[in-house]
Amino acid sequence: MEKKYTPKEMEPKWQGYWENKKLFTAKEDPKKRKYYCLEMFPYPSGRIHMGHVRNYVIGDVIARYKMMQGFSVIHPMGWDAFGMPAENAAIEKGIHPAKWTYENIANMKAQIKKLGLSYDWNREVATCDEDYYKWNQWLFLKMYEKGIAYKKRSFVNWCPSCETVLANEQVEDGSCWRCSSIVGQKELEQWFFKITDYAEELLSCTEKLPGWPENVLAMQRNWIGRSTGAEIDFKIAGTNEKITVFTTRQDTLFGATFMSIAPEHPLVKKLIKGKKTEKEVMAFVERIMHEDKIMRTAEGMEKEGIFTGAYAINPMTKKEMPIWVANFVLMEYGTGAVMAVPCHDTRDFAFAKKYNLPIQLVIQNPVGTLTLDNMKDAYVDEGYLINSGEFNNLKTAEAKERIADYLEKEGMGKRSINYRLRDWGISRQRYWGTPIPIIYCDKCGTVTVPEKDLPVKLPKDVAFTGKGASPLLDAKGFVDVKCPKCNGSAKRETDTMDTFVDSSWYFLRYTSAKDDTRPFDPEKVKYWMPVDQYIGGIEHAVMHLLYSRFFTKVIRDLGLIKIDEPFTNLLTQGMVCKETLRCPEHGWLFPEDVKDNRCATCGKEVERGRVEKMSKSKKNVVDPDKLIDNYGADTVRLFSLFAAPPEKYLEWSDQGVDGAWRFLSRVWVLVQKNSDIIKDVKGKIEISELDSAERGLYRKTHLTIKKVTEDIERDFHFNTAIAAMMELVNEISGGSEGKVVQAEVLKAALETLIILLSPFAPHISEELWSVLGNKGSVMDIPWPKYNEGAIKTEDVLIVIQINGKLRGKITLSAGAAEDEVKKGALEDERIKELIAGKAIRKVIVVKDKLVNIVV
RNA sequence: GCGAGAGUGGCGGAACUGGCAGACGCGCUAGACUUAGGAUCUAGUGGGCAACCGUGGGGGUUCAACUCCCCCCUCUCGCACCA
C-alpha cells in the first residue's frame with residue numbers, strides 16, 4: 001500500500017534537512033559564477049500576506065533554479081524594521097516599539113519559514129538593530145563631509161496626523177502615503193540629501209538598464225522630469241533689480257507680454273513696497289499661501305492673480321510687461337517666476353483673457369492660418385516665428401538655439417536645464433528611526449558625532465503620548481550632551497532619518513552582514529554585487545528604487561564600491577487580487593458570511609463585486625498560514641506561480657488552489673505506483689532500440705526539459721513551465737496505460753519530472769526523490785539538459801492549407817524535400833476534392849511544417 | 001492632457017523570430033467506482049444543424065496576421081497648472 005501525500009508531515013522534515021545540511025549558505029566561490037537573487041524585504045507588520053508569499057515564492061524558484069545550474073547563489077532576507085506602525089502601537093497599546101517590532105519579526109519569520117524558502121538566514125538584517133543603523137549614521141557623516149547631506153529651512157510637506165515631514169514622493173494625491181491624511185505645508189529646518197546633484201546620472205543611466213521594465217523606467221524619468229530651456233533675465237522698470245525666469249520656450253520670447261510670479265517669491269515684497277497696491281497684494285499673497293498647496297495645484301483650479309503695480313522690460317521688444325502674482329506659479333519649480341506668453345501657453349492664455357492682458361502672436365502654424373481673432377485657445381505646437389524681428393521665419397527648434405545664442409552673447413540669459421526632482425528631505429520628527437548623528441553646540445555650531453562614538457543609540461526610556469513632536473525631545477539623557485569639540489554643553493539633533501535611508505543600501509549589507517568594523521566588506525561586495533535579480537512590488541517604482549540607485553552612486557563616489565547601478569534586472573510582480581462580496585445592507589462580506597449567494601445575516605442577495613487588490617477592509621483576503629495548514633506550502637507555491645505570469649495581476653481562486661493540490665497528488669500517486677518497478681533500474685537508454693510508445697515518452701521528457709528551461713529563462717514564465725510539467729504527467733499516466741514502457745524510459749521521465757518540479761514544489765520533490773531510492777537532496781542534482789537526439793522525430797505532421805486556411809494534415813518523414821511535400825499534399829483525398837476544377841496558382845512549402853496551396 | 005501597459009472561450013491564461021488559435025488549469029456535462037462525500041477516475045467541452053464563422057472595432061501589407069502597419073473604441077497603472 002502506498003503512502004498518502006501528507007505535506008504537513010514531510011514539509012517540516014525537509015525544511016529541517018536543508019537547514020542541517022546548510023544547503024542555502026552562500027559562499028564566495030571564485031570558481032563559480034555568482035548570482036544575487038533578492039526580494040524586497042518586508043516591513044514587520046506582524047503577519048505575512050499573499051503579496052509577500054507571491055514575491056518570495058517567485059524569488060525562491062529563481063534562486064533554486066540558479067543553484068541547480070551551478071551558480072554560487074546569495075539569497076538573503078531581512079526586515080525593514082523602523083517605521084511608524086511600531087510607534088503607533090506604542091501610543092495605542094503601550095508596547096515599546098522595539099518589543100513590538102522584534103516580536104513581529106519572530107512571528108513573520110516563523111510564517112515565512114513554513115514556505116520552505118531557500119534563504120541564507122545567517123545574513124539576516126533588521127534595520128532597527130544598532131549594528132545596522134550605526135552604518136546609516138556612518139554613511140550620513142560621509143555624506144555630510146561631501147556636502148551631500150545638508151540642512152536648510154524650507155517649506156515641507158507636513159502630515160498633521162503622523163506629525164512628520166513627508167518627501168514629495170511620499171505624498172500621493174495630496175495625501176500621506178501611509179495614513180491618507182491631507183498633507184499640509186510647514187516651514188522647518190530640515191536635513192536633506194542632495195539627490196539633485198545626481199539627477200542627470202540617474203536619468204541617463206535609465207538607458208543602461210535593459211533588465212528593468214519599461215514602465216518603471218518611464219516612471220523614474222517622469223519623476224526626475226528633465227526639461228531643457230533657458231534662464232532669462234528681465235529688468236524691472238525704474239529699478240536696478242531683475243527677475244530671472246526659466247522657460248523651455250525661449251523661441252516665444254517676443255510674445256511675452258506679462259510676468260507671473262509665485263506668491264512666495266522673495267521679490268514680491270520689494271516690488272510692492274510703497275505702492276498703492278501693497279495692502280491688496282499682501283492680502284492676496286497671504287490668502288494663497290494659507291491655501292492648501294495640494295488644492296492650489298489641483299487640476300481645473302481657477303487661475304487667480306493680482307497686479308503688483310510693477311513692470312518688467314521684455315529684452316527683445318523693450319515693451320513694459322506688468323508683473324502679476326499668480327496662484328498657479330510654484331516657487332519650487334524653475335525660478336518661481338514665469339514669462340507669460342499667452343498666445344502660446346494654455347495657462348497664460350486663460351490668465352490673459354480673464355484679466356484682459358495683451359496677447360501677441362509670435363508662432364505661426366506650418367500652414368499659416370493663425371490669427372489672433374480665430375484663436376480660441378493658445379497655440380502650443382511648433383511652427384515658425386513671426387513678429388520676432390531678426391528671428392522671423394525660423395522654425396521653433398532652430399529659433400530656440402538662435403535665441404539662446406543671442407541671450408548668452410548679450411549677457412541677458414543662458415541655456416539651462418531644470419529638473420522636477422527635488423532634494424530628498426530625510427528629517428522625521430519621530431522616535432522609531434535612525435538618530436541623525438549631529439550635535440548643536442552654542443559655541444561650535446553644528447558638530448558631527450565622531451565616528452568612534454557611533455552608534456548614537458536610541459534611548460529606551462521615552463514616553464509615547466502621541467501628542468506634540470518627537471518623543472526624543474523629552475529624553476533628557478539623550479538630548480543633553482557634551483560638545484565633541486569644546487566639551488561644552490550641547491544638544492543632540494532629535495530628528496531621525498526617513499526609513500527609506502535604511503532600505504537604500506541593505507543589499508550591500510547582506511554581503512557581509514556581520515562585519516562590525518565597516519558597513520560592508522568591499523571584497524564581498526565586489527564578488528556579489530550587483531544584484532542580478534531584484535523582485536518586488538510596483539509601489540516602489542519611484543521612491544525605494546530611485547533612492548537605492550542614488551545611494552549606490554554616492555557610495556561609489558565615496559570610493560567604497562565600483563558599480564554604478566545596484567540592480568541589473570528588476571521584476572515587478574503583479575498584485576494579488578480576489579473577487580469582492582458585498583451585501584447591500586452589511587457591506588463587504590467574507591466568503592464564509594455568504595450562504596447560497598445570500599448574506600448569512602440578513603438573507604439579501606450578495607453582489608459579486610470587482611476583482612480587487614486583497615485588503616482587510618474589503619474582506620477579500622486569504623491567510624497564507626491557513627492555506628499552508630490546509631494544503632501545504634507546495635500547493636500554495638504552485639498555485640501562486642501557475643495562476644498568472646509573475647508580472648501580471650494574480651486573481652486568487654479557491655478552486656485553482658484545489659487544482660494545484662490535485663496536480664501534486666497525481667504526481668505523488670504516479671511516483672508511488674511506479675517506484676517498485678523503476679527503483680533499481682540501472683540500464684542505459686538506446687534511442688534506436690525503443691518502440692514507438694517508449695520513443696514518444698522519451699521525447700516528451702526531453703521536450704519538457706526544453707520547455708521548462710526556456711520558460712524560466714524567458715522572463716520567468718513559470719505558469720507555462722508548470723503547464724508543461726502537467727503535460728508530462730498526463731503523458732506518463734495516460735500514455736503508459738495498456739502499453740508496457742521500458743523501465744529505463746519510465747524512470748527517466750519520472751526523475752526528470754521530480755528534478756524539474758523541485759524549484760517550484762521543493763518538499764514533495766525531495767520526498768519523491770528519496771522514494772525512488774536516491775540519496776541526498778534533489779537540489780544537488782544539476783539542472784537537466786535536453787538531448788537534441790531525443791527530440792528529433794522521424795515523422796512530422798504537415799499542415800495543408802488552401803488559401804491560408806487549414807484543410808488537411810499529412811504525416812511525412814522529417815526533412816522531406818519540397819517536391820515530395822507538395823506531391824503528398826496534392827494527393828490527399830480531401831485536398832483533391834477541394835481543389836478539383838481550380839487552377840493552382842502557387843504552392844508555398846514551409847519545411848517540416850506546412851503547405852499552402854493558393855488557388 | 002502626457003507617459004506606460006492591456007483587450008483571446010463561461011473563467012485564469014497559452015500561442016517564442018508571422019505558419020494548426022484556445023496548450024495547461026478551473027468550471028461545466030455525461031459516465032464509472034463508492035459506506036450517496038465539495039473525494040477519485042474516464043470521456044467531452046469556442047460558436048453554428050451545416051457550408052463555415054471566430055483573438056475589442058474598421059482598414060491595410062502578406063501565400064499566410066492574436067502577432068506587422070494606419071485609424072478608432074474600451075480598460076488598468078503612473079504623472080499632471082512643471083513654465
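By convention in this document, chain letters (A, B, ...) are assigned in the order of the sequence lines, proteins followed by strands, and residues within each chain are numbered from 1.
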### Task
Hey, can you tell me if A/Tyr547 and A/Trp424 have their rings parallel, tilted or perpendicular (30° and 60° cut-offs)?
parallel
### Query
Given A/Thr196 and A/Asp423, is the side chain to side chain donor-acceptor pair (under 3.5 Å) satisfied, shown in steps?
CA-CA 6 Å; A/Thr196 51; A/Asp423 276 342; 2.6 Å; yes
### Task
Could you tell me whether the side chain of A/Arg347 has a donor or acceptor atom within less than 3.5 Å of a complementary atom in the base of B/rA83?
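Answer is yes: a donor-acceptor pair is held.
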Sticking with atom [atom1], work out how far [N] lies from [M], rounded to a whole angstrom.
N	M	atom1	result
B/rG54	B/rG48	P	15 Å
B/rC28	B/rU17	C1'	38 Å
B/rU8	B/rA23	P	16 Å

### Base versus backbone protein contacts along nucleotides 14-21 of chain B [heavy-atom cut-off under 4.0 Å; B, S, -]
SS---BB-
Which pairs, protein N/O on one side and nucleotides 26-33 of chain B N/O on the other, fall under 3.5 Å?
| from | atom 1 | to | atom 2 | distance (Å) |
| --- | --- | --- | --- | --- |
| B/rC26 | OP1 | A/Arg662 | NE | 3.0 |
| B/rC26 | OP1 | A/Arg662 | NH2 | 2.8 |
| B/rG27 | OP2 | A/Arg662 | NH2 | 3.4 |

### Task
Under a 3.5 Å limit for both distances, which nucleotide forms a Watson-Crick or G-U wobble pair with B/rG27, could you say?
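Its partner is B/rU45.
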### Message
Both distances below 3.5 Å, Watson-Crick or wobble geometry, any strand: find the nucleotide opposite B/rU35.
### Response
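Its partner is none (no Watson-Crick or G-U wobble pair with both distances under 3.5 Å).
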### Message
Would you say A/Asn730 and A/Arg666 are linked by a side-chain donor-acceptor pair, where the criterion is simply a distance under 3.5 Å?
### Response
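Yes - a donor-acceptor pair under 3.5 Å links their side chains.
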### Message
Using a heavy-atom cut-off of 4.0 Å across all strands, would you classify A/Ser260 as base, sugar-phosphate, or nothing?
### Response
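A/Ser260: no heavy atom of the nucleic acid under 4.0 Å.
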### Query
Taking only side-chain nitrogens and oxygens of A/Lys842, does any of them come within less than 4.0 Å of OP1 or OP2 of B/rC63?
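Yes.
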### Task
Would you indicate, yes or no, if B/rG25 has its OP1 or OP2 atom less than 4.0 angstrom from a side-chain nitrogen or oxygen of A/Asn730?
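Yes, because at least one side-chain N or O of A/Asn730 sits under 4.0 Å from OP1 or OP2 of B/rG25.
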### Message
A quick test of your reading: do over 12 heavy atoms of other residues, nucleotides or ligands sit less than 6.0 Å from NZ of A/Lys242?
### Response
no
### Query
What is the distance from CD of A/Glu214 to C1' of B/rC77, rounded to the nearest Å?
14 Å
### Considering all heavy atoms, the nearest A/Trp668-A/Tyr5 contact
NE1-N, 3.2 Å
### Task
Could you list all the salt bridge (charged side-chain N to carboxylate O under 4.0 Å, His left out) pairs where at least one residue sits in residues 212-224 of chain A, not counting sequence neighbours?
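For residues 212-224 of chain A, and leaving out neighbouring residues, the salt bridge (charged side-chain N to carboxylate O under 4.0 Å, His left out) pairs sorted by first residue read A/Glu207-A/Arg221, A/Glu214-A/Arg221.
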